[in-house]
Amino acid sequence: MTFTLMGIPGLESQHLWLSLPFFSMFLAILISNGAILFMVAREPTLHTPMYLLLALLMVADLISTLALLPKLLCLFWFNDQDIAVNACFTQMFFIHGASVVRSALLVAMAFDRFVAVCEPLRYSTVLSHSVVGRLGLMALAKGMILILPMPLLLQRLTFCHMVIPHTYCDHMAVVKLACDDTRPNRIYGLFVILLVVGLDLVLIGFSYGLILQAVIRLNSRDAICKALNTCSAHLFVILITYVPALFSSLTHRLGHNIPPHVHILLANLYLLLPSMFNPIIYGMKTKDIQVKVAKCLCRRHS
């Protein structure tokens, strides 16, 4: 049994042209995330909790991108619309699982910034390499435990339609094809969104509330600027991760008057924008990465 991916409904004739920005994003994500991972792995001075968590975030971004874009580009270039049911469920697991892991890592990074600003003398003690490893494993376990029931619940359903009006196997897009009662699937999907986005945003907000409280107590203007600069990159990443995700989720459930192609484009962008901009933001806002990039470029020219 196979599903058929429609691509972007209403824009089928434009698929070839649309492939150009998607292919450009694919290359940008592979090169920029790969470069950050290479630098963190190669430079011992970057083996700190902040950069190790950043490297894990880059891995989650690459997994999400590799699960989405190769099939999407085959669809746009070669009209390869068919996808086996098991392959569809596997793609769903990796795309949604990577998103949950990304969110959990952003919570861990907020905790890292809290310790760096509020408890700088205990930073290396509280966030040892073993603690960072545990945080990474917890993020991975959260992604697997929360997303694995989605394809398992879908396997019990009978499908009346086999055409998915999407570029990838999105959970809700596949649920809508079923003939059976899909309330358990819908309720569980909403539960995951509320748990991941809701709880993670609360924890991140709580961390930054404590950081802001600590910053306000500082008397030195330079110390305040340094503390805020320490958190600025992470705050930008949070914005580009959660704002498109929340907007896409709300339009998927409430925006009945929004054209289908807008839904699909938003669903793709909320997965790809964080993966594309995360390394750029950290590259621009983090002096250590700028210094290492400059050194690598100088070595090549010499």
Side-chain angles (χ1 to χ4, degrees), residues 53-54 56-61 63-65 67-68 91-114 135-136 138-151 153-154 166 168-176 182-212 231 233-256 258 262-278 281:
L53 289 169
L54 176 61
L56 292 173
L57 185 68
M58 302 291 116
V59 171
D61 287 342
I63 290 170
S64 175
T65 301
L68 168 66
Q91 185 192 47
M92 181 190 301
F93 174 77
F94 278 105
I95 288 174
H96 293 315
S99 297
V100 173
V101 171
R102 180 194 290 152
S103 182
L105 288 170
L106 288 175
V107 175
M109 292 170 85
F111 176 65
D112 167 77
R113 294 300 83 203
F114 162 72
L135 289 172
M138 285 170 64
L140 179 62
K142 182 180 179 182
M144 291 179 68
I145 291 167
L146 285 179
I147 299 303
L148 190 58
M150 285 185 175
L153 284 170
L154 284 169
H166 216 298
Y168 65 90
C169 291
D170 176 68
H171 175 249
M172 284 306 300
V174 177
V175 166
K176 288 176 180 178
T182 59
R183 275 179 297 178
N185 305 74
R186 292 172 184 273
I187 291 167
Y188 187 74
L190 188 60
F191 164 75
V192 170
I193 289 170
L194 292 174
L195 185 65
V196 173
V197 179
L199 181 61
D200 288 359
L201 275 177
V202 167
L203 292 172
I204 290 169
F206 182 69
S207 294
Y208 274 98
L210 294 174
I211 289 170
L212 188 61
C231 302
H234 187 238
L235 284 169
F236 279 122
V237 168
I238 289 166
L239 285 173
I240 65 164
T241 299
Y242 287 110
V243 171
L246 284 169
F247 190 70
S248 176
S249 180
L250 287 172
T251 55
H252 200 77
R253 285 168 169 77
L254 304 174
H256 302 295
I258 296 174
V262 176
H263 280 296
I264 307 308
L265 287 170
L266 278 172
N268 283 277
L269 288 176
Y270 106 78
L271 290 171
L272 296 172
L273 285 180
S275 303
M276 188 170 70
F277 283 110
N278 286 350
I281 290 168

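Just so it is clear, the structure is predicted and the values come from calculations on it, not from any experiment. For reference, positions follow the sequence shown, starting with 1.
A distance of 8.0 Å separates OH in Tyr168 from CD1 in Ile264, rounded to the nearest 0.5 Å. Distance check, rounded to the nearest 0.5 Å: OG1 of Thr65 to CD1 of Ile95 gives 9.5 Å. Rounded to the nearest 0.5 Å, atoms CG (Leu154) and OG1 (Thr182) are 9.5 Å apart. Atom-to-atom distance recorded for Leu199:CG and Ser103:OG is 9.0 Å, nearest 0.5 angstrom. For the atom pair CZ of Arg183 and CG of Leu190, the computed distance is 14.5 Å after rounding to the nearest 0.5 Å. Taken from CD1 in Ile147 to CD1 in Ile145, the straight-line distance is 11.5 Å, to the nearest 0.5 Å.
Shortest non-hydrogen contact noted between His96 and Cys169 is NE2-O, 4.4 Å. Closest approach of Pro274 and Leu269 over heavy atoms only: CD-O, 4.0 Å. Here the shortest heavy-atom pairing between Gly143 and Val100 reads CA-CG1, 3.6 Å.
The number of heavy atoms from other shown groups lying within 6.0 Å of CZ (Phe94) does not exceed 12.
By the ring-ring contact (aromatic ring centres under 6.0 Å, His included) test, Phe277 pairs with no residue at all, sequence neighbours left out. Residues meeting the salt bridge (charged side-chain N to carboxylate O under 4.0 Å, His left out) test with Asp61, sequence neighbours left out: Arg102.
Counting only residues at least two apart or in different chains, side chain to side chain donor-acceptor pair (under 3.5 Å) contacts with residues 139-151 comprise Lys142-Asp200.
The shortest side-chain heavy-atom distance between Asn278 and Leu54 does not fall under the 4.5 Å cut-off. Inter-residue side-chain proximity for Leu273 and Ile240 is flagged as unmet; no heavy-atom pair is nearer than 4.5 Å.
A side chain to side chain contact (heavy atoms under 4.5 Å, CB included) with Phe93 is found for one member of His171, Met144, Met150 and no other, namely Met144.
Side chain of Ser207 to backbone of Leu203: a donor-acceptor contact under 3.5 angstrom is found.
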